[in-house]
Visitor: 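Before I ask anything, here is the structure I am working with.
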Amino acid sequence: MNNFVLKENIDLLNTLDSGQSFAWQKIIEKENSYRGYFRNSELLVTEKDESIHVEVLNGVLEDDLKERFLYYLGEDPYSLENFNILLEDSVISPVIEKYPRLRILKQEEWECMVGFITSSCSNLERIKYHMRLLRQINNDIFPDPAKTYQIGENRLRELGFGFRAPYIINLAKSLIDEETSIDKLRRSTYEESLNSLVKIKGIGRKVADCILAYSFDKKESFPVDRHVLKGLIRWYKYPKKITPEKASDKAKKKFGNLSSHAQQYIFHRQRLASRADMWGGDHLVHAINNDIN
DNA sequence: GTCCAGGGTGAAA
DNA sequence: TTTCACCCTGGA
């Protein structure tokens, strides 16, 4: 019917459901299967036989959904220019070996911005819950800036967005008034876009870098959260009390156009390490024996 | 029951 | 540069 198959070999767990996007839920009963929203469609996405099988469950049908979803899923990292630099990095190369099919998404900009503003001092499950709520109150279509502005701060607070509510409304207003332009952010260089984004209330350096990396495809972006910061200190011997901003600058200088990908691998290595710390032992060994499924 | 951290940010000290 | 409040929820 409207379903389709993409001949792409992608690690869905670590690409869709590990913090880049807040739109996907793992299907417990099914192997390598995720349910979630892309644009205005609800999809069931399954990894099978080195391909991605997509079933359209609900929503508005778009002729070019297949092409758009293919774009959304990003590129095979091995096709990146100078990817061998990461393969030769002793911290990163074991993670690439473990997650060779990990990708960086190219998400819808507005939804991604709301998601990362919402992520502030929250956790993955709760962020996903808030994003689902926001979609549900608008007939399963993620509300655009105008609609979101109409929903208003008070309603967002009722939904549980808390102190993030005014930030989201403020951004919506800024887009409506064209003080902020998605197109302009997309066309500008990484530095220009970063400078514009951090001027918006509620978007600091970390959230701006996430938006630029996971939505605007700015490969120079290196988001540093508390986990990545720990990783940089632990494995790259960054000073113990370095600020996230300085650490991001330093990492960006080192990795250049591979920054966004390097950050993802370090993020994943730190996640494995946190688990290993809890259990005791070596995180890369544990990772191979005890991967989450 | 209290305390605290969870993909931070902005404003004041 | 450092400190602190901000919404809310789950776990110790």
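Since the structure is predicted, the reported quantities are computational estimates derived from the model, not experimental observations. Residue numbering restarts at 1 for every chain, and letters A, B, ... go by the order of the sequence lines.
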Visitor: Paired with C/dC7: which nucleotide, if any, by Watson-Crick or G-U wobble criteria at under 3.5 Å for both distances?
Guide: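 Across any shown strand, C/dC7 pairs with none.
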Visitor: Report yes if a side-chain nitrogen or oxygen of A/R126 is closer than 4.0 Å to either non-bridging phosphate oxygen (OP1 or OP2) of C/dT9; otherwise report no.
Guide: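 No, no such contact exists.
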Visitor: Does a side-chain heavy-atom distance below 4.5 Å link A/V91 with A/R269?
Guide: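 Yes, at least one pair of side-chain atoms sits under 4.5 Å.
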Visitor: How long is the line joining CE of A/M131 and P of C/dC8, in whole Å?
Guide: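 After rounding, the gap between these two atoms is 19 Å.
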Visitor: Please determine whether a side-chain nitrogen or oxygen atom of A/K241 lies at a distance below 4.0 Å from atom OP1 or OP2 of C/dT1.
Guide: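 A/K241 to C/dT1 OP1/OP2: no side-chain N or O under 4.0 Å.
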Visitor: Does A/R164 make a side-chain donor-acceptor contact with the base of C/dC6, cut-off 3.5 Å?
Guide: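 A donor-acceptor contact between them is absent.
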Visitor: What is the nucleic acid contact for A/I117, judged by heavy atoms within less than 4.0 Å: base, sugar-phosphate only, or nothing?
Guide: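 Since no nucleic acid heavy atom lies under 4.0 Å of A/I117, the category is nothing.
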Visitor: Could you tell me how far apart A/I200 (CD1) and B/dT9 (P) are, to the nearest whole angstrom?
Guide: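 Between P of B/dT9 and CD1 of A/I200: 12 Å.
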Visitor: Do A/S119 and B/dG7 share a donor-acceptor pair, side chain to base, under 3.5 Å?
Guide: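 In this structure, the two groups form no donor-acceptor pair.
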Visitor: At under 4.0 Å between heavy atoms, what does A/Q263 touch on the DNA or RNA strands: base, sugar-phosphate, or nothing?
Guide: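 Base, at least one base heavy atom under 4.0 Å.
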Visitor: Determine if A/F163 stacks with C/dC6; use a centre-to-centre distance below 5.5 Å and an interplanar angle below 30° as the criteria.
Guide: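 Stacking is present between C/dC6 and A/F163, given that their ring centres fall under 5.5 Å apart and the planes under 30°.
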Visitor: When A/E108 is tested against each of A/R68, A/R186, A/R39 for salt bridge (charged side-chain N to carboxylate O under 4.0 Å, His left out), which residue passes?
Guide: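 Exactly one candidate clears the test, A/R39.
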